[in-house]
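Here is the naming used below: chain letters follow the sequence lines, and residue numbers restart at 1 for every chain. Values in this document were obtained by computation on a predicted structure and should not be read as measured data. All values below were derived from every heavy atom in this structure, side-chain atoms included, with hydrogens, water molecules and symmetry-related copies excluded.
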Amino acid sequence: MRGPQKNQGIKMHDIKTIRDNPDAFDAAMKRRKLGAQSSDILKLDEERRGAQTALQELQAQRNAESQKIGEIKKSGGDASEVMAQVTALKNEMAILEERERTLADSLSQHLAALPNVLSAAVPDGADENDNVELRRWGDPRADKVPEHFEIGEALGLMDAETAAKMSGSRFTILSGALARLERALGMFFLDVHTGEHGYTEVSPPLLVKDHAMFGTGQLPKFAEDQFRTTRDDWLLPTAEVPLTNMVAESIIEPATLPRRYTAFTPCFRQEAGAAGRDTRGMIRQHQFYKVEMVSVMLPEESEAEHERMTRCAETVLEKLGLAHRTIVLCSGDTGFGAIRTYDIEVWLPGQQRYREISSCSNCGDFQARRMNARYRAGEKDIRFVHTLNGSGVAVGRALIAVMENYYDPSDGGIFVPDALKPYMGGVQKILKTA
RNA sequence: GGAGACGUGUCCGAGCGGUUGAAGGAGCACGAUUGGAAAUCGUGUAUACGUUAAUAGCGUAUCGAGGGUUCGAAUCCCUCCGUCUCCGCCA
């Protein structure tokens, strides 16, 4: 792991908390479908501390003797005897150094691969079937309409076949009014979040380094889901990565919190584990646009912010008149870095079911620890911030939702929702262009 | 791509082999002064880990990262990462 952060102890989980209450940590990992971790961790930790203490004693000895040499030489004496003593220490020190480092690395790797501890408010469950619905908004369109790709292809504005020729599967070409509709959605979401929800618009890099991906938790475990360049940069799987890393390696004055960032970016995902799923249409692509929200908070404010952020995402769907429901993910479905996650699912009449369009997570101090993002809580009190991220919302999927929910069966066209009309250059309805 | 310069604490900025965790500022905190404030003066102000009941003491490490030379390195050498300047090229 290369990066600006120094190897200052073990950060990804608080080792002291694990030491103080190993049973609680084991129980937390059990909710994540993992076996008991604490005994292995604490054994490593104990060995590491032993090696460290022994090493430090030798270092203290060396420092004292070296200082003596300095004094002897200054007063013109012969220091060769003391110098020989110090030299003798060095072999022993090298062995202990190596041992301490090996143990520390091993401990770090172990901890870096463990997911965040879930909030007590997260319901138990095995997989997505055990997620719990919290609320619904809007009336789901009852009539079965064609799926978005059927609509788009019939209009002549969506072309997966040509995209496949140049880029392979899971890419789509949009053109004309449909391409513009995608852009309109992105701009609309950005305008709402910056104008009404207090987020600052950011145009971030789309390529990031290892340590940035480590900071937000994509690495080391989920490398196979990501795209990598020939220079070993990573393509963003989500703007969460750069937006959250904006506070990496910093000590923030609390007066400047909360910080709320939003960005409209492409996202790139290998979808390695999703072979055969959603193969048709734009539901699951290697590349899609998303408007992301990130909040950096004081710890005591992160729970309230989680609710607020989720409302921000719901609001844009409401402004578009899209029926949706909000669910809380169960223990088995909550992502690696999250304490608690709300998903918002939009109604897709083409599938006659709700599909994920946003995911809002409170990561607590998990990412902050990994990227060393802190705030000054008092004169001698520096603590980790809490970070949250949420889609506000996925533009590709919002496009699908608009297409299917605003589909006009009489002519195969798509009505432009009122909220998007200012962005569509006078187009009221998207129709087949001859 | 060619030539050069530089990475020090919350920030700016000295130091260029021996009590340097690091001068001096700024900022911040507390105190004095004030009717109150500004200004001024005084004092204090890094992080991590280990040890510990302890955010008390003590120890160790940390001057971009990693390695090397040395009894001893912020200071010397090597590699990498990053930043800046000039020239060239380019959307």
Side-chain angles (χ1 to χ4, degrees), chain A residues 1-20 41-42 44-108 111 203 205-215 229 231-234 242 245-257 259 296 365 368-385:
Chain A
M1 189 63 42
R2 279 208 300 265
Q5 65 269 77
K6 301 168 187 180
N7 184 18
Q8 292 182 328
I10 288 54
K11 285 286 183 53
M12 37 282 345
H13 282 279
D14 186 3
I15 189 74
K16 283 181 189 160
T17 308
I18 301 175
R19 256 182 237 152
D20 291 346
I41 291 168
L42 291 180
L44 268 174
D45 177 49
E46 204 169 310
E47 287 178 35
R48 196 200 108 253
R49 278 146 69 208
Q52 189 186 14
T53 304
L55 174 63
Q56 288 183 352
E57 277 167 18
L58 291 182
Q59 286 170 328
Q61 211 173 319
R62 178 205 58 195
N63 290 347
E65 308 260 301
S66 287
Q67 205 171 323
K68 229 183 281 173
I69 292 168
E71 284 159 16
I72 293 170
K73 288 201 162 183
K74 206 174 262 180
S75 59
D78 175 16
S80 58
E81 197 179 318
V82 193
M83 281 166 69
Q85 281 176 13
V86 179
T87 308
L89 281 176
K90 290 177 80 176
N91 285 334
E92 214 179 327
M93 282 178 56
I95 293 164
L96 278 167
E97 244 168 63
E98 179 57 29
R99 178 171 163 71
E100 198 274 338
R101 182 171 16 193
T102 308
L103 288 165
D105 285 351
S106 167
L107 188 55
S108 292
L111 290 172
S203 176
L206 305 179
L207 300 178
V208 295
K209 302 240 172 252
D210 285 357
H211 64 265
M213 292 284 274
F214 179 85
T229 71
R231 334 188 308 170
D232 292 344
D233 301 310
W234 300 90
N245 271 282
M246 282 171 68
V247 296
E249 295 295 328
S250 66
I251 297 175
I252 298 167
E253 291 302 328
T256 69
L257 292 174
R259 295 202 189 168
V296 180
D365 67 4
R369 286 179 175 281
R370 290 175 155 246
M371 63 177 68
N372 210 18
R374 297 154 297 165
Y375 72 100
R376 195 173 288 285
E379 203 180 336
K380 286 199 81 170
D381 193 2
I382 290 175
R383 301 186 197 173
F384 293 109
V385 295

Practice task
Take A/D365 and A/D14 through the test side-chain contact (heavy atoms from CB on, under 4.5 Å) and record every step on the way to the result.
Solution key: CA-CA 10 Å; A/D365 67 4; A/D14 186 3; over 6 Å; no
Rounded off to whole Å, could you give me the [atom1]-to-[atom2] distance for the [X] and [N] pair?
X: A/D14; N: B/rA48; atom1: CG; atom2: C1'; value: 13 Å
X: A/L58; N: B/rG50; atom1: CG; atom2: P; value: 18 Å
X: A/E47; N: B/rC49; atom1: CD; atom2: P; value: 20 Å
X: A/E253; N: B/rU10; atom1: CD; atom2: P; value: 11 Å
X: A/E98; N: B/rG66; atom1: CD; atom2: P; value: 14 Å
X: A/E100; N: B/rU60; atom1: CD; atom2: C1'; value: 10 Å
X: A/M83; N: B/rU69; atom1: CE; atom2: C1'; value: 13 Å
X: A/D210; N: B/rA65; atom1: CG; atom2: P; value: 18 Å

Taking the [atom1] atom of each, how far is [N] from [M], in whole Å?
N: B/rC16; M: B/rC76; atom1: C1'; result: 9 Å
N: B/rA46; M: B/rU55; atom1: C1'; result: 14 Å
N: B/rU10; M: B/rA48; atom1: P; result: 10 Å
N: B/rG13; M: B/rA26; atom1: C1'; result: 10 Å
N: B/rG24; M: B/rG15; atom1: C1'; result: 11 Å
N: B/rA74; M: B/rG9; atom1: C1'; result: 12 Å
N: B/rG25; M: B/rC77; atom1: P; result: 32 Å
N: B/rU40; M: B/rG72; atom1: P; result: 47 Å

Handout entry: More than 12 heavy atoms from other groups under 6.0 Å of CZ on A/R19
Key =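 Count over threshold, so yes.
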Practice task
Report, as yes or no, whether the 6.0 Å neighbourhood of atom CD on A/Q85 holds more than 12 heavy atoms from other residues, nucleotides or ligands.
Solution key: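 Check passes, neighbour count above 12.
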Of all the nucleotides listed ([options]), which has the minimum atom distance to the side chain of [X]?
X: A/A60; options: B/rC49, B/rG18, B/rU60; result: B/rU60
X: A/K73; options: B/rG66, B/rC49, B/rG18; result: B/rG18
X: A/K209; options: B/rG50, B/rG82, B/rC71; result: B/rG82
X: A/I382; options: B/rC71, B/rU47, B/rG59; result: B/rU47

Exercise for the section: Name the residue closer to the 5' end of RNA chain B, choosing between A/I251 and A/A84 according to the nucleotide with the nearest heavy atom. Expected result: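 Its nearest nucleotide being more 5', the pick is A/I251.
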Nucleotide forming a Watson-Crick or wobble pair with [N], both distances under 3.5 Å:
N: B/rA65; value: B/rU79
N: B/rC71; value: B/rG18
N: B/rG36; value: none
N: B/rA48; value: B/rU60
N: B/rU85; value: B/rA3
N: B/rG31; value: B/rC41
N: B/rA23; value: none
N: B/rU55; value: none

Problem - Contact check, side chains of A/N372 and A/F384, non-hydrogen atoms, under 4.5 Å - result: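 They are in side-chain contact.
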Handout entry: Heavy-atom check, side chain of A/K73 versus side chain of A/M83, under 4.5 Å
Key =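 Result yes, sub-4.5 Å side-chain heavy-atom pair found.
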Compare side-chain N and O positions of [X] against OP1 and OP2 of [N] and report whether any pair is under 4.0 Å apart.
X: A/K68; N: B/rG18; answer: no
X: A/K90; N: B/rG72; answer: yes
X: A/R376; N: B/rC28; answer: no
X: A/R19; N: B/rG50; answer: yes
X: A/N63; N: B/rG72; answer: no
X: A/R101; N: B/rG67; answer: yes

Practice task
Give A/E65 one of three labels, base, sugar-phosphate or nothing, depending on what nucleic acid heavy atoms sit under 4.0 Å from its own.
Solution key: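 It contacts nothing in the nucleic acid.
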Exercise for the section: Can you check whether any acceptor in the base of B/rG18 is under 3.5 Å from a donor in the side chain of A/Q67, or vice versa? Expected result: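 Answer no: no donor N or O sits under 3.5 Å from an acceptor.
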Problem - Polar side-chain atom of A/T102 near backbone of A/E98 as donor-acceptor pair, under 3.5 Å - result: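 The answer is yes, because a donor-acceptor pair under 3.5 Å joins these two groups.
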Handout entry: Expected output: side-chain A/R48 to main-chain A/A104 donor-acceptor under 3.5 Å
Key =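 No.
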Problem - Any pair counted as salt bridge (charged side-chain N to carboxylate O under 4.0 Å, His left out), so long as it reaches residues 82-97 of chain A, sequence neighbours left out - result: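 Applying salt bridge (charged side-chain N to carboxylate O under 4.0 Å, His left out) to every pair that reaches into residues 82-97 of chain A, excluding sequence neighbours, yields nothing.
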